[in-house]
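First listed ligand is number 1; within each ligand, the first listed atom is number 1. Heavy atoms only: backbone and side chains are in, while hydrogens, waters and symmetry mates are out.
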Amino acid sequence: VNLPVNHPYMDLTFPSSPGDRPYVAVNMVMSLDGKITVGKKLEAGSLGSGFDRDTMTVLRHHFDAVICGGETVRQHPFYLGVTPEFSDLRKAQGMTLQPRTIIVTNSGLLPRDSALFSKPEFPPIILTSKQSYSQIVSKLGSLAEVYAVGEDQVEVGEALKLLRQVYAVDRLLLEGGPRLNFQFMQEQAVDEVFLTLAPRLVGSKDELSMVMGDSVLESLPRLKLISHFQHADELFLRYRVPIMD
Ligand SMILES: NC(=O)c1ccc[n+]([C@@H]2O[C@H](COP(=O)([O-])OP(=O)(O)OC[C@H]3O[C@@H](n4cnc5c(N)ncnc54)[C@H](OP(=O)(O)O)[C@@H]3O)[C@@H](O)[C@H]2O)c1
């Protein structure tokens, strides 16, 4: 398999990390009517194309780590890494062969027999709260490196500091879901959004959207479009979240 050298996201550059936390980008696929699930889940091909899936890998190869919420991982117990040809490229660039897998959970109900745990070069990092820590360590401590960051919920700010200080994560890719995205947004800890606009209409009012929490985002961020390209009927948008004064 050859590298998709002509993919517009092969040669992205990113600003350096903002000091005490990694530089954070979100990547999501969304229907034209703003839904990111179909029937409360997402299956291969139900929103994005094969090219969109390839794009996920192209994006991942730029990052030191990929982070997901527990529900996303339960619904998609797939490896959050890149294909071997990207590992060679990462190695040539002085990076680890694979981005590190990071999972946020309190329940610890994670697919322990999946590739998510068996495949990585280094064990996944599980971020949990102090309240859940001992339960998670007894369940998953042999398969992952577990940290408590926050009392009864993972605190995004604290989690990001840990990833920067302990794991030297400079660039972090957030792959959802919407509840985790909301907490990152509320913390103003998202620097970029990569969005695939899929030419689908889903309809149901019960579907999820890209960022979901209990309130309007305090900063009501206004994003800046920094690039866009079309592939077949899909649009690939890259936005920067400007720092608010
Ligand atoms: N279209 C797309 O691009 C895209 C991308 C990603 C996901 N999705 C879809 O999004 C849906 C899942 O989204 P979601 O919002 O329900 O779930 P999510 O954000 O993936 O996960 C929520 C779960 O993450 C853990 N979590 C989140 N914040 C936490 C905190 N502060 N402290 C401790 N644990 C925390 C908890 O896990 P525990 O329950 O384990 O405690 C919580 O139940 C799925 O249907 C998936 O298909 C779509």
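Where the criterion is an N or O separation shorter than 3.5 Å, residue side chain and backbone included, T37 fails it with respect to ligand 1. By the 3.5 Å distance cut-off applied to N or O atoms, G176 is not counted among the residues near ligand 1. Where the criterion is an N or O separation shorter than 3.5 Å, residue side chain and backbone included, L110 fails it with respect to ligand 1. Where the criterion is an N or O separation shorter than 3.5 Å, residue side chain and backbone included, G70 meets it with respect to ligand 1. The shortest N/O to N/O separation between L47 and ligand 1 does not fall below 3.5 Å.
For the residues S107, G150, G213, the heavy atom positioned nearest atom 38 (P) of ligand 1 is part of S107. By heavy-atom distance, the residue among L109, N181, V104, T72 lying nearest atom 36 (C) of ligand 1 is V104. If you check each of Q131, H76, Q153 against atom 30 (C) of ligand 1, the one with the closest non-hydrogen atom is Q153.
Annotation: cation-pi pair R60/Y79 absent, no NZ/CZ under 6.0 Å from the ring centroid and within 45° of its normal.
Between T83 and E85, the side chains place a donor N or O and an acceptor N or O closer than 3.5 Å (distance only, hydrogens not considered). Between the side chains of R90 and T96, at least one donor N or O lies within less than 3.5 Å of an accepting N or O.
Taking both residues in full, the closest heavy atoms of L163 and P22 are given as CB-CG, 4.5 Å, listed atom of the first, atom of the second, then distance.
A distance of 6.0 Å or more separates the ring centres of H61 and Y9.
For ligand 1, the atoms sitting less than 4.0 Å from at least one non-hydrogen atom of Q75 are 44 (C), 45 (O), 46 (C), 47 (O), numbered in the order shown with element in parentheses. In summary, the atoms of ligand 1 found under 4.0 Å from a heavy atom of V29, numbered by their order in the structure, are 1 (N), 2 (C), 3 (O). Below 4.0 Å from some heavy atom of K41 lie the following atoms of ligand 1, by number and element: 45 (O).
Of the protein's non-hydrogen atoms, the one nearest atom 28 (N) of ligand 1 is Q183 NE2, 2.9 Å. Closest to atom 4 (C) of ligand 1, if we only count protein heavy atoms, is M28 CE, 3.6 Å. Of all protein heavy atoms, the one lying nearest to atom 43 (O) of ligand 1 is R179 NH1, 3.4 Å.
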Check the pair E145, R100 against side-chain contact (heavy atoms from CB on, under 4.5 Å), reporting the backbone distance first and the verdict last. CA-CA 11 Å; E145 293 176 18; R100 193 80 184 241; 3.2 Å; yes
Can you check side-chain contact (heavy atoms from CB on, under 4.5 Å) on F236 and D52, steps first, answer last? CA-CA 9 Å; F236 293 81; D52 175 57; 3.7 Å; yes
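Residue contacts with ligand 1: S129 is excluded, as none of its non-hydrogen atoms falls under 4.0 Å. For the pair R74 and ligand 1, a heavy-atom separation below 4.0 Å is found.
Annotation: E218, atom CD; neighbour count of heavy atoms from other residues, nucleotides and ligands within 6.0 Å does not exceed 12. Residue D11 qualifies as open at atom CG: its count of foreign heavy atoms under 6.0 Å is 12 or below.
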